[in-house]
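Atoms within a ligand are numbered from 1 in the order they appear, just like the ligands themselves.
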Amino acid sequence: MKYEIPVTRTQNPKPRPADESQLGFAKYFTDHMFVMEYDVGKGWHSFRIVPHAPFLIEPASAVLHYAQMMFEGMKAYRKPDGSVQLFRPDMNLARMRTTCERMCMPEVPEDIFLQAIKELIEVDKDWIPSGKNTSLYIRPFLFGDEVSFSVLPAQHYKFMIILSPTGSYYAANDAGLTTARIYVQDKYIRAAQGGTGYAKVGGNYGGGMRASQDAIKYNCKDVLWLDAKEHKYVEEIGTSNAFFVINDEVITAPLDSGTILPGITRNSVIQLLTKWGIKVSERKLSIDEVEAAAADGSLKEIFATGTAAVISPIGWLCHNGTDMQVADGLVGPIAQRLYDDLYGMQSGVVEDYMGWTYPLGFKV
Ligand code: COI
């Protein structure tokens, strides 16, 4: 079904960022945003594209007190011929469905979701960067804004999409990558079984900030979470999933505990490694096994994967106050190959041999 989405254009377009190599992550936002509303009994309505601007929210809105919300992270890419594409939006839709079910929120229908993204990006298409390692980050989010202090699902919701031209989440070098230091967190936990670890909700990140502050104190970029029960098995990194290369096996935490975010990049990496004939296992991996592998030289690489992080190699783990170097501390060959093919397909410089890209049907 095709919806009518009226556009109110900004009267004050913002200056574009001058230097695409300094975009960073979500420092700039485009001129417009998409908004729609939901009422129980009425469904989704009032679709609109309006200038990106602060909006009013009633102080007693449920989300400000009980955090009934979710968000997604996606990117749009400008190909060398100027055409614009998304990457596996069906996966974001599927994850959004799971999250909405967990949070008792209304589903966002696939047709309006895809139409809204396409039309919003077309309005702001001259914001899509074209420099190395850049893309247009898409942040859809949904929250309950009923005025209510009852701890019950809201009766009214807002869904919005905002856009940000971005570069690398962690600093990159000319080959697109550099290594980061990560802090192994064994005091606080991110998610327990039965909780919301598998859902993309703000509370998972808000609850992680105390741990990220510890990481920063130790000069680390982010946190490696261990499992909630035994504080023993590696789970994920603050913003991303984690992969470990030990001998010829690439290992990542399995999803069956319900404590791991099912990353779209995670899934893509597993499929690419399988296609390339590299052994990849979704299995429990203890921090002791990682440290033993580092000590005997069989730990070859660690890298993070995510929409924002793309492929981010880890050069050092900081655990119990000591630094553990990952192999030579440099970007490993598997991470580099994954980055080259994945970002290459996304940005259209490598042919999409996995059928993952989703053309939006217009050019910049
Ligand atoms: C993304 O990769 O899109 C995310 O949502 C991670 C974010 C918390 C930085």
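For E236 and R190, the salt-bridge test passes: some basic side-chain N is under 4.0 Å from an acidic carboxylate O. Looking at R95 and E72, a side-chain N of the basic residue comes within less than 4.0 Å of a carboxylate O on the acidic one, giving a salt bridge. Between K158 and D145 a salt bridge is recorded (basic side-chain N to carboxylate O distance below 4.0 Å). Under 4.0 Å is where a charged nitrogen must lie from a carboxylate oxygen, and between K284 and E289 no such pair does.
A donor-acceptor contact under 3.5 angstrom links the side chains of D340 and Q336, judged on distance only.
Considering E4, E119, E37 as possible partners of R48, the one that fulfils the salt bridge (charged side-chain N to carboxylate O under 4.0 Å, His left out) test is E37.
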List ligand 1's nitrogen or oxygen atoms that come under 3.5 Å of a protein nitrogen or oxygen, with the partner atom and distance.
unit_1, atom_1, unit_2, atom_2, d
ligand 1, 2 (O), T307, N, 3.4
ligand 1, 2 (O), A308, N, 2.8
ligand 1, 3 (O), Y137, OH, 2.5
ligand 1, 5 (O), Y137, OH, 3.4
ligand 1, 5 (O), K200, NZ, 2.8

